[in-house]
S.K.: 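Supplied in structure tokens, the structure appears directly below.
Note that the coordinates shown come from a computational prediction; the quantities given were computed from them, not determined experimentally. The chains referred to below are lettered A, B, ... by the order of the sequence lines, with proteins before strands, and numbering in each begins at 1. Basis for what follows: all heavy atoms, side chains included, without hydrogens, waters or symmetry-related copies.
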Amino acid sequence: MEELLISIVQDEIVHKLKLSNTLLIIASTGSGKSTLLPGILVSNGYTDNGIVGISQPRRVAAISLAKRVSSLLNCKIGGFVGVSVRFHNNTTAQTRVLFATDGILVREALIDPIFSRFSVIIVDEAHERSLRSDVLFGLLVIAQRRRPELKVVIMSATLEYENFVKFFKDVQLVKVEGRQHPIEIHHIRSECEDYLEAAVFATLMINSRSEPGDILVFLPGQEEIESFCGILNSKLKKIEQEAKGKTPKSVLLRIGKRTCNYSQWMQMVILPLYAALPLAQQELVFVKAHNMRKVIAATNIAETSLTIPGVRFVVDSGLEKQKSFSAKRGIEVLALKIISKASARQRAGRAGRESKGFVYRIYTKDSFDKMPEFTTPEILRTNVTQPFLELAAMGIKGISEFPMIDSPSQESFLVAIATLCRLGALDRAGSITEMGKLIVKIPTSPIYAKLLIISRHLNCFDEILTMVSMLSVDVPWITNFSGSSNKGFKNAKMRISNTSSDHLTLINLYNLYKKSKNPESFCAAFGIKHNVMKYAEQIRIQLESIVDTLSIDATKINMKLQPPEFEDPNDYVLWTLAQGSWIKTAILDPDKLHYRTILEKQKVKIHLSSVINRTKLPNYIVYDECVSTSTTYVRIVSSLDKFDIRKPEK
DNA sequence: GAGCACTGC
């Protein structure tokens, strides 16, 4: 049924794609656009002389869409229909329909900026405005100038599309109705004081009506989710106690102004859901709960990445945590923010996927009206050093040459240029150097790439490779690990930890993990996330094979680094780290409590998760990242006190 | 004395 919706406009799509080389398809969820459009293009000859590429912001979406489309087209996956995401590429010479993440297509442009093997490139989920898809838009516009026959299809779910029309200029438009079940939206009448209490109240109120269906509660972060679960749990216990020993029908529960009979009260199971939660616990939200109502307290992970079956009720706090980059302070800020209307609608849509849904917003209609239309696109919130270097490597020098829907601020570009100059990736004229050409070939942040390159000549490549791989993944430790209080665990953790370096601790952990006979039980015993470690392993393999193919000529890249003689091999690692990421070092403040970052002189503290003993703080540190939450913290920190280096050697 | 949203190469 869903699939008919886009079939209705099939002729219109084909016709308009002949009229213009750029087509904008506005289609909400449930229109079947991502699964049916490839087939339409195939049957109209678009795969005869080239490939149809479909970009997705997320890996799982690319993989699952490829599976569905290959079965619709009656072919094997990896043959006519292929997927290319990091670590997973099953394309062959026969592949004519290619699903890929937007990042893969941007990387492909480094080698082939005119996308010559493609006849059509479809950018799906364009409304999400991911960093890579925004870069892709500009690359496609440039490619079309040289290859006017290249067809570009932009698929967006929002009705506000003027920015796309303006950007792509000669563009044809097709609108497709989506098919969603009706959704009933309720706002609170007046602003509430405590949104967690209000969310708990809304949950109880939903449960007091006998309508079946699971409840999805959107909250900003882990901390808020844990306290929501705590409050709800204690309320449920109270209710249970009230009813204890009595016949259910005789118990009247009062939920606000409503009273309900305990015989109508459904048992509830409360499930937290956020990305840092161990995988096994995340997966519980997909398990059917018999005769129970699931209450899923989730972050934005449930807004786009995960779809949970059975949800009919959504409770929306209207809040999220959003990271943004402060170019002036040279740090990242993770702040509690009011969501956009687009985000509120997306959250609401999660209630109507299977049948009529109900949405309870913990904010007034007036607050909704005052919300910004859209979330600020990622490209305006992020450090653009890496994409800037990628564009420079493609010969796009002045950023003014590069078409963008929203251009980052001057300050943001200046940070990118300054960082790249300090890494030796750009020269003073702003042209890419030999070092820059090496850095851009390594698919990781430029600062990690530089570390890998210099470590080749500094006797510590394997260790730096392990370190960079571990820094590229999420924190592997399970927070609130239940085994963390027992003595054996503490001893084991002591063995892993290096008391003056989080970086070395990560390397230790990786090496012990690799040496363990049974990695799974090793992870279970130490409170380590096995999937995170496996991911680090894959990154390590990929980075190693790429660096192996590079011919690093020390004379060409102006390498004059010469380490002193060290007894401890770890010292080579730390010394290299200090050299390669001196822009991420900090000096102890006279208050003996804070540090000052080397460049912007920001006042920062070492994060509590660090192994560094807070009673004797080192004078000089190197850190991996600097994020401002309640205060400004540096995370993943190593002491550099044993080295007498304040300035980088050139 | 008090803690990091979500993606991706």
S.K.: Using OP1 and OP2 only, check whether a side-chain N or O of A/Thr304 sits under 4.0 Å from B/dT7.
M.R.: no
S.K.: Can you tell me if A/Thr631 and A/Tyr633 form a side-chain donor-acceptor pair at under 3.5 Å?
M.R.: yes
S.K.: Report the residue (A/Gly103 or A/Lys605) whose heavy-atom-nearest nucleotide on DNA chain B is the more 5′ of the two.
M.R.: A/Lys605
S.K.: Is it the case that A/Ser501 and A/Ser638 place a side-chain donor and acceptor less than 3.5 Å from each other?
M.R.: yes
S.K.: Which nucleotide in the set B/dT7, B/dC9, B/dA5 lies at the smallest distance from any side-chain heavy atom of A/Ser305?
M.R.: B/dT7
S.K.: Answer with base, sugar-phosphate or nothing: what part of the nucleic acid does A/Ser130 contact at a heavy-atom distance below 4.0 Å?
M.R.: nothing
S.K.: Which nucleotide sits closest to the side chain of A/Lys323: B/dA5, B/dA2, B/dC9?
M.R.: B/dA5
S.K.: Between A/Ile51, A/Val152, A/Leu136, which is the residue that forms a side chain to side chain contact (heavy atoms under 4.5 Å, CB included) with A/Phe115?
M.R.: A/Leu136
S.K.: Given B/dA2, B/dC6, B/dC9, identify the nucleotide with an atom nearest to the side chain of A/Tyr274.
M.R.: B/dC6
S.K.: Of the listed nucleotides (B/dA5, B/dC9, B/dG3), which one gets closest to any side-chain atom of A/Leu334?
M.R.: B/dA5
S.K.: From C-beta outward on A/Leu608, which listed nucleotide comes closest to its side chain: B/dC9, B/dT7, B/dG3?
M.R.: B/dG3
S.K.: For the side chain of A/Tyr633, counting heavy atoms from C-beta on, which of B/dG8, B/dG3, B/dT7 is nearest?
M.R.: B/dG3
S.K.: Looking only at side-chain atoms of A/Pro443, point me to the closest of B/dG3, B/dT7, B/dC9.
M.R.: B/dC9
S.K.: I need the minimum non-hydrogen distance between A/Pro618 and A/Leu588, along with the two atoms involved.
M.R.: O-CB, 3.8 Å
S.K.: Identify which nucleotide among B/dT7, B/dG8, B/dA5 has an atom closest to any side-chain atom of A/Thr299, counting heavy atoms from C-beta outward.
M.R.: B/dA5
S.K.: Which nucleotide in the set B/dC6, B/dG3, B/dC9 lies at the smallest distance from any side-chain heavy atom of A/Gln386?
M.R.: B/dC9
S.K.: Between atom CD in A/Glu108 and atom C1' in B/dG8, what is the gap in whole Å?
M.R.: 16 Å
S.K.: For A/Phe137 together with A/Phe164, are the ring centres under 6.0 Å from each other?
M.R.: yes
S.K.: Assign A/Arg59 to base, sugar-phosphate, or nothing according to its heavy-atom contacts below 4.0 angstrom with the strands shown.
M.R.: sugar-phosphate
